[in-house]
Student: 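Sharing a structure below in structure tokens format, with a few things to ask.
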Amino acid sequence: MNQPSTDPVQELKRLVSDGISTDIYLAHEAHGIFRAIGERVPNANASTYQPMLAVLQTYASAEFVLAVTRLLERQRETYELHSVHGVLMFLRDNSPNIPVEQPQWVQQSMERLGLWECVPHESGPEQTRAVVDALLSKLPHYTNSEPLKALKNLRDKRIAHPERVTPEGIPTTSWAKALKLLEIPVEALGVCGAYTSTAYVDDKGQFMMDTDAARAGNATRRLLEATATPTPRRP
């Protein structure tokens, strides 16, 4: 399992592009749209676009849930995923054939997580496997993460497979806690980029496409401001 038929480095790059990178982008984009509408509820309610904005906010919430739960899905023996777990397992299984190109990025990630002293400092398959294991040890799972469990329940019972369950019967979480679920996926993305010489995060561990992901939310904000009902002037 996880043995590629093509060049392992190119396959890793494809898996990251199709999976981790895209889903982190979608999660940030969806949150930006949801927040832009939520911050301007009076404008949205007063706008003739209110029905569209309400639907757009619902779609953004659902897309965020789907993106985050895809990112944190665990790979099993029966099928392979583009999730963080699936991509890291691919990297681990093919570590002898995927040399690190930017070792400083690996070190920066491990230092941010406080794990640099727990992995070999010399680049090579042994270090790669240790780094993957370190990331997996920090990866949230719904059995030990209440925010992820809440998103998973929302996905399973209301979005992907609607059941006769009222929203009040499903545990919820805050946006702040839900966004923290992206921290380890972003670190995993940065580490994977070290093996393909692709910069996905900066030296502080910030997702480098965050600004691009914010464009849809900014456009939504401008729309709300442009359609706001002017406040009548007092005589």
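Along the sequence shown, residues are numbered consecutively beginning with 1.
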Student: Just by distance, with hydrogens left out, do Ser83 and His85 show a side-chain donor and acceptor under 3.5 Å apart?
Tutor: no

Student: What about Met89 and Val87, same hydrophobic cluster or not, with Ile/Leu/Val/Met/Phe/Trp/Tyr joined at side-chain heavy-atom distances under 4.5 Å?
Tutor: yes

Student: Tell me yes or no: between the side chains of Asn218 and Arg215, is some donor less than 3.5 Å from an acceptor?
Tutor: no

Student: Any ion pair linking Glu183 and Lys138 (charged N to carboxylate O, less than 4.0 Å)?
Tutor: no

Student: Considering non-hydrogen atoms only, spot the tightest contact between Ser17 and Thr22 and give its length.
Tutor: O-OG1, 2.5 Å

Student: Once rounded to the nearest 0.5 Å, what's the spacing between atom CE of Met110 and atom CD of Gln107?
Tutor: 10.5 Å

Student: Is a donor on one side and an acceptor on the other found under 3.5 Å between the side chain of Glu111 and the backbone of Trp116?
Tutor: no

Student: Kindly say whether Val65 contributes a backbone atom to a donor-acceptor pair with the side chain of Thr69 at under 3.5 angstrom?
Tutor: yes

Student: Less than 4.5 Å apart, side chain to side chain, heavy atoms only: is that true for Asn94 and Leu12?
Tutor: no

Student: Do the side chains of Thr196 and Val16 get nearer than 4.5 Å, heavy atoms only?
Tutor: no

Student: Tell me if the CD atom of Glu122 is crowded by more than 12 foreign heavy atoms within 6.0 Å.
Tutor: no

Student: How close do Leu223 and Met52 get, heavy atom to heavy atom, and via which atoms?
Tutor: CD2-CE, 4.1 Å

Student: As a quick check of understanding, evaluate side chain to side chain contact (heavy atoms under 4.5 Å, CB included) for Tyr49 and Leu56, giving each step before the final call.
Tutor: CA-CA 10 Å; Tyr49 298 105; Leu56 180 60; over 6 Å; no

Student: Leu15 and Leu26: same hydrophobic cluster, using ILVMFWY side-chain contacts below 4.5 Å?
Tutor: no

Student: OG/Ser145 to NZ/Lys180 distance, rounded to the nearest 0.5 angstrom?
Tutor: 10.5 Å

Student: First locate atom NE2 of His141, then atom CG of Leu136, and finally report the distance between them rounded to the nearest 0.5 Å.
Tutor: 11.5 Å

Student: Do the ring planes of Trp175 and His31 sit parallel (below 30°), tilted (30 to 60°) or perpendicular (above 60°)?
Tutor: tilted

Student: Atom CZ of Arg155 and atom CG of Leu148: how far apart are they, to the nearest 0.5 Å?
Tutor: 8.5 Å

Student: CD of Glu39: more than 12 outside heavy atoms within 6.0 angstrom?
Tutor: yes

Student: Less than 4.5 Å apart, any side-chain heavy atom of Leu72 and any of Tyr142?
Tutor: no

Student: Is it true that a side-chain atom of Asp212 and a backbone atom of Met209 form a donor plus acceptor pair closer than 3.5 Å?
Tutor: no

Student: Is there side-chain contact between Leu182 and Leu71, with at least one heavy-atom pair below 4.5 Å?
Tutor: yes

Student: Which pair of non-hydrogen atoms, one from Gln75 and one from Gly86, has the smallest distance, and what is that distance?
Tutor: OE1-CA, 3.3 Å

Student: With a 4.5 Å cut-off on side-chain heavy atoms, are Pro125 and Ile98 touching?
Tutor: no

Student: OG1 of Thr220 to CZ of Arg35: how many Å apart, nearest 0.5 Å?
Tutor: 11.0 Å

Student: For Arg74 and Pro140, which heavy atoms make the closest approach, and how far apart are they?
Tutor: NH2-O, 3.4 Å

Student: Would a 4.5 Å heavy-atom cut-off, applied to side chains only, mark Lys149 and Glu146 as touching?
Tutor: yes

Student: Cluster question for you: counting only ILVMFWY and a side-chain heavy-atom cut-off of under 4.5 Å, with indirect links fine, are Leu135 and Trp105 together?
Tutor: no

Student: Under a 3.5 Å distance rule, please check whether Arg112 uses its side chain to pair with a backbone N or O of Asp203 as donor and acceptor.
Tutor: yes

Student: Would the distance check show the side chain of Ser95 and the main-chain N or O of Arg92 forming a donor-acceptor pair, the cut-off being under 3.5 Å?
Tutor: yes

Student: So, for Leu224 and Arg40, which heavy atoms are closest and what is the spacing to 0.1 Å?
Tutor: CD1-CB, 3.9 Å

Student: Between the side chain of Gln57 and the main-chain N/O of Phe34, is any donor-acceptor distance below 3.5 Å?
Tutor: yes

Student: What distance do Leu91 atom CG and Asn97 atom CG have between them, rounded to the nearest 0.5 Å?
Tutor: 11.0 Å

Student: Any Lys/Arg nitrogen of Glu63 or Arg70 sitting under 4.0 Å from an Asp/Glu carboxylate oxygen of the other?
Tutor: yes

Student: Is Glu11 paired with Arg14 through a side-chain N to carboxylate O contact shorter than 4.0 Å?
Tutor: yes

Student: Following the transitive rule for hydrophobic clusters with a side-chain heavy-atom cut-off under 4.5 Å over Ile, Leu, Val, Met, Phe, Trp and Tyr, establish whether Leu189 and Leu115 coincide in one cluster.
Tutor: yes

Student: Please examine the side chains of Tyr200 and Val186, heavy atoms only from C-beta on, and report whether any two atoms are closer than 4.5 Å.
Tutor: no

Student: Taking all atoms of both residues into account, what is the closest heavy-atom pair of Leu151 and Thr173, and its distance?
Tutor: CD2-CG2, 4.2 Å

Student: Would you say Leu113 and Ile184 make side-chain contact, with heavy atoms under 4.5 Å?
Tutor: yes

